[in-house]
Amino acid sequence: MTYVVAEPCVKCKYTDCVDVCPVDCFYEGENFLVINPDECIDCGACVPECPTEAIFSEDDLPEKWAEYKELNETLASKWPAIGSKKDPLPEAEEFKNVESKRELLSEKPA
């Protein structure tokens, strides 16, 4: 089992989760974070740290965000690793509770 970053992270990119990850398995895109499933040790430390509640165990990932499991794996192989906390995106508070943000996800690296 691994953890997956889902749609609520889009356009927010809070990095509180990164700060508590003991294995640095997060990777950073322009407006989204992903978890590398091959590096995640399934500790769950990141889950309670996420202000947007965007991180789920793969077994608990809501069906509406099922595609994010594959997106995490694919994008983690293309994006740079992030190992320390950074400021969220300037528009994070504005987008924190917005739904249906998939079309806003940029696949560009940070």
Side-chain angles (χ1 to χ4, degrees):
M1 186 180 74
T2 187
Y3 283 83
V4 176
V5 181
E7 189 169 288
C9 181
V10 175
K11 299 279 286 177
C12 294
K13 203 167 84 170
Y14 290 96
T15 56
D16 307 62
C17 52
V18 172
D19 211 32
V20 299
C21 181
V23 294
D24 295 335
C25 66
F26 282 88
Y27 288 76
E28 181 182 20
E30 182 177 45
N31 68 0
F32 188 63
L33 298 172
V34 296
I35 293 172
N36 184 324
D38 295 329
E39 297 173 3
C40 178
I41 60 169
D42 309 324
C43 70
C46 56
V47 176
E49 300 302 317
C50 181
T52 63
E53 299 180 1
I55 304 173
F56 300 87
S57 72
E58 65 182 332
D59 294 340
D60 296 329
L61 183 65
E63 182 60 35
K64 66 182 177 180
W65 295 324
E67 72 174 304
Y68 284 86
K69 181 178 176 189
E70 185 177 324
L71 272 172
N72 275 241
E73 185 173 3
T74 301
L75 297 174
S77 69
K78 298 176 181 179
W79 289 353
I82 176 173
S84 59
K85 187 174 178 175
K86 296 181 178 180
D87 289 335
L89 295 176
E91 64 270 20
E93 281 300 312
E94 174 188 347
F95 281 92
K96 186 175 180 179
N97 296 313
V98 172
E99 293 191 23
S100 301
K101 300 188 283 185
R102 172 62 179 97
E103 69 279 355
L104 302 175
L105 190 154
S106 169
E107 294 192 15
K108 294 178 185 175

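Summarising the local packing, CD of Glu103 is surrounded by more than 12 heavy atoms from other residues, nucleotides or ligands at distances under 6.0 Å.
With values rounded to the nearest 0.5 angstrom, Glu58 atom CD is found 10.0 Å from Glu73 atom CD. Residue Asn36 holds its CG atom at 16.0 Å from OH of Tyr3, rounded to the nearest 0.5 Å. A distance of 12.5 Å separates SG in Cys9 from NZ in Lys96, rounded to the nearest 0.5 Å. The line from SG of Cys17 to CD1 of Ile82 is 8.0 Å long, rounded to the nearest 0.5 Å.
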- prompt: Is there a side chain to side chain contact (heavy atoms under 4.5 Å, CB included) between Ile55 and Ile35 once you walk through the steps?
  reply: CA-CA 9 Å; Ile55 304 173; Ile35 293 172; 4.1 Å; yes
Residue pair Phe26, Val5: steps toward the side chain to side chain contact (heavy atoms under 4.5 Å, CB included) verdict: CA-CA 9 Å; Phe26 282 88; Val5 181; 4.0 Å; yes
message: Please evaluate residues Leu75 and Tyr27 with respect to the criterion side chain to side chain contact (heavy atoms under 4.5 Å, CB included), reporting the C-alpha separation (whole Å), side-chain torsions for both, the decisive distance (0.1 Å), and the verdict.
response: CA-CA 8 Å; Leu75 297 174; Tyr27 288 76; over 6 Å; no
message: Evaluate Leu71 against Arg102 for side chain to side chain contact (heavy atoms under 4.5 Å, CB included), listing each step before the verdict.
response: CA-CA 11 Å; Leu71 272 172; Arg102 172 62 179 97; 3.8 Å; yes
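Under the 4.5 Å side-chain contact rule for hydrophobic residues, Val98 and Trp65 share a cluster.
Using a distance-only test at 3.5 Å, with no hydrogens or angles considered, a donor-acceptor pair links the side chain of Asn31 to the main chain of Ser106. Using a distance-only test at 3.5 Å, with no hydrogens or angles considered, a donor-acceptor pair links the side chain of Lys13 to the main chain of Gly29. Without hydrogens or angle criteria, Glu7 side chain to Ser100 main chain gives a donor-acceptor distance under 3.5 Å. Side-chain N or O atoms of Lys101 include one that pairs as donor or acceptor with a backbone N or O of Val10 at under 3.5 Å. Although no hydrogens or angles enter the test, the distance criterion places no donor-acceptor pair under 3.5 Å between the side chain of Trp79 and the main chain of Thr74.
Summarising the geometry of Pro48 relative to Gly44, their closest heavy-atom pair is CD-O, 3.4 Å, with the distance given to 0.1 Å.
Put simply, the side chain of Leu104 reaches to within 4.5 Å of the side chain of Phe95, judged on heavy atoms.
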